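Heads up: the structure comes next, in structure tokens.
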Amino acid sequence: MSQVRVRFAPSPTGFFHIGSARTALFNWLYARHTGGVFILRIEDTDKERNSEAFLNLIYDSLSWLGLNWDEGPKIGASGGGDFGPYRQSERGAIYKEYVGKLLAAGRAYEKDGAIWFKLFGERYEIFDEHRKKTVMKVKLPPVVIEDQIRGRVERLEDEDFVIVRSDGNPVFHLVNVIDDIAMQVTHVIRGEDHLSNTSKHVLLYEGFGVKPPIFAHIPLILKQNGPGKMSKRDQGALIEEYQKRGYLPEALVNFLCLLGWNPGDDREKMPIADIIRLFDLPGVNQSNARFDDKKLAHVNMAYLLELPAEKFIAQAREFFARQSESPVTLAAAAATAEYFAEVMRLSQPKIKGFEELPAYTSYFFTDEFSVDAKVREKVMAKGDPKARLAELIKVAQAADFSSEAVLTEALKKLAESKGLGFGDYQGVARLAVTGTNVGPNITGIFYVLGRERVRSRLEKFLATV
RNA sequence: GUCCCCAUCGUCUAGCCCGGUUAGGACACCACCCUUUCACGGUGAGAACCGGGGUUCGAAUCCCCGUGGGGACGCCA
């Protein structure tokens, strides 16, 4: 058995989006599953639309997702290989050589300054209603594609097609096939949108006298709302965005695996090693999948919950540092490591993603937090909040703030002494100290905030009622 | 318009290949429990085999036709 060689071949003509990421992921998984080679090849033959910024985005996004390539442009820990260069813009000589072979074999010819691939068969002219012109067709049996996911697919390819533009630049179909031959690619795993190109590619392989690789066309990701496939313009489409919003890459990868593939049992959240072990091409679905950000958020939370505290804190700190300046982010940046860690200790079990953090923790970092009017109305309408506040202030003055546990005891004792429950205090205390009705345990908040801030906030609030 | 692919809860899916299940799980939604708010967690509810024909004792499962969805029809990739 020869080694599996797969490639991911993006073109740097736009933002790196979630569909591309999943194609890369499935290629990478297959390489890792089989002990094969994962090649990154940059298809930058479109000089008009290429950009270096988009190219860097491809590198960044793949690296962030943990999809390291064995061969390809050398970036960081990935890259190298004996089949370079891995950017098509640097492979002109190779294409020329291959086109020469086609020309010499009579499989290509020049017309209108371009080079066309020649189909062998009986020729006839016909008027194409849709294109409103007469075209030259060739009588041929349909091309047969044995697809690992779709099964046997037949498609008729009956017109010569351009392989080198009149400006001398080779087109996608040509370079894609040449590179796959030259790089000895064994499996072509790509989106289903390429299925109808595949007949051209198979013909080109034949033209070069080479056996085509194994094809596997994976289903597309459809946009969450509205019709059609996910495109770069759609909400939630960009990998870069998830990175900025603080999603965990391993969560996004796990979620992406579940779009069109499953391990064969009910497991969903699973370590990448297990996914690598179980992933295989026949296990990939045939139908398109709709993107669901709620499920992604759920998976992200599951990963967040089991992230070691030190990592959570470190990543939260980075996340805050990346945010635009605001009273909260500035104060968070200025906070001591100990204080920041304490706030995160309370927050980690509660949030679905880092992006919730600034709003969720604002009152820890600034006294200028906003008070939710609706919550205020609700809390103030119940019982005797004024009296409760006065009692809380007394406790805040006298209580031992040295631990969360003793504070909990103190508040319980207070409630008991008045014949009330803990709940009669926590709501109003939370409102006064945080301005909201959501958050960590109230005594945890007291402890982290410290006596002075708790007392002053309680007093300040009491003065407004 | 032509060609190609696809079709199970709102969504992701198991089951299909090798016909016989109370059609299973997860997300979301709802209710209840836990509880110090909010989450988490637990329990439960509602929710699907696109339609029509075949084949068969029996069809989600096999076949055909519709319909619906998706993709491709560039000297873009």
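Throughout, a chain's letter reflects where its sequence line sits, starting with A, and its residues are numbered from 1. Computed from a predicted structure; not experimentally measured.
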Checklist entry - Could one point to a donor on the side chain of T436(A) or the base of U37(B) with an acceptor on the other under 3.5 Å away? => result no
Item to check | Closest to side chain of D292(A), choosing from C27(B), C75(B), U36(B) | outcome: C27(B)
Next on the checklist: Checking contacts here: which listed nucleotide (A7(B), U36(B), C5(B)) is nearest the side-chain heavy atoms of R150(A)?
Outcome noted: C5(B)
Checklist entry - Given that both distances must come in under 3.5 Å, which nucleotide forms a Watson-Crick or G-U wobble pair with C73(B)? => result G1(B)
Checklist entry - Does a donor on one side chain and an acceptor on the other come within less than 3.5 Å for Y95(A) and D179(A)? => result yes
Next on the checklist: Nearest 0.5 Å, please: how far is CD1 in I126(A) from CE in M136(A)?
Outcome noted: 12.0 Å
Next on the checklist: In terms of relative ring orientation, are F369(A) and Y363(A) parallel, tilted or perpendicular, with 30° and 60° separating the classes?
Outcome noted: perpendicular
Checklist entry - Has T45(A) got a side-chain N or O lying under 4.0 Å from the OP1 or OP2 atom of A77(B)? => result yes
Checklist entry - Considering every strand shown, what is the Watson-Crick or G-U wobble mate of U55(B) when both distances are under 3.5 Å? => result none
Checklist entry - Is a donor-acceptor contact shorter than 3.5 angstrom present between the side chain of K295(A) and the base of A28(B)? => result no
Item to check | Quiz item: K350(A) side-chain donor-acceptor pair to C38(B) base, under 3.5 Å | outcome: yes
Checklist outcome for this item: When V164(A) and G427(A) are each assigned the nearest nucleotide of RNA chain B, the 5'-most assignment goes to G427(A)
List every contact pair, protein side and nucleotides 59-61 of chain B side both N or O, where the distance is under 3.5 Å.
none

Next on the checklist: If you compare every side-chain N and O of N441(A) against the phosphate oxygens of A39(B) (OP1, OP2), does one of them come in below 4.0 Å?
Outcome noted: no
Checklist entry - Of all the choices, C12(B), C6(B), C40(B), which nucleotide is nearest to the side chain of L305(A) once you look at every atom? => result C40(B)
Next on the checklist: At less than 4.0 Å, is any side-chain N or O atom of Q286(A) found next to OP1 or OP2 of C5(B)? Yes or no.
Outcome noted: no
Checklist entry - Start at the 5' end of RNA chain B and walk down; is the nucleotide closest to R152(A) or to I442(A) reached first? => result R152(A)
Checklist entry - So E159(A) and V135(A), side chain to side chain contact (heavy atoms under 4.5 Å, CB included) or not? Walk me through it. => result CA-CA 8 Å; E159(A) 283 178 43; V135(A) 293; 4.1 Å; yes
Next on the checklist: As a quick check of understanding, evaluate side chain to side chain contact (heavy atoms under 4.5 Å, CB included) for E355(A) and N300(A), giving each step before the final call.
Outcome noted: CA-CA 12 Å; E355(A) 61 183 332; N300(A) 192 61; over 6 Å; no
Next on the checklist: Assess whether a salt bridge exists between D158(A) and K139(A), defined as any Lys/Arg side-chain N lying under 4.0 Å from an Asp/Glu carboxylate O.
Outcome noted: no
Checklist entry - Between F8(A) and F38(A), how do the two ring planes meet: parallel, tilted or perpendicular, split at 30° and 60°? => result parallel
Please tabulate the protein-to-nucleotide N/O contacts below 3.5 Å involving nucleotides 67-74 of chain B, giving atom names and distances.
residue : atom : partner : partner atom : Å
G70(B)  : OP1  : G228(A) : N            : 3.0
G70(B)  : O2'  : N288(A) : ND2          : 2.8
G71(B)  : OP1  : K229(A) : N            : 3.0
A72(B)  : OP1  : K229(A) : NZ           : 3.4
A72(B)  : O4'  : S196(A) : OG           : 3.0
A72(B)  : O2'  : S196(A) : OG           : 3.0

Checklist entry - Of the candidate nucleotides A26(B), U36(B), C75(B), which contains the atom at the shortest distance from the side chain of S166(A)? => result C75(B)
Item to check | Counter-base of U36(B), judged by Watson-Crick or G-U geometry with both distances under 3.5 Å | outcome: none
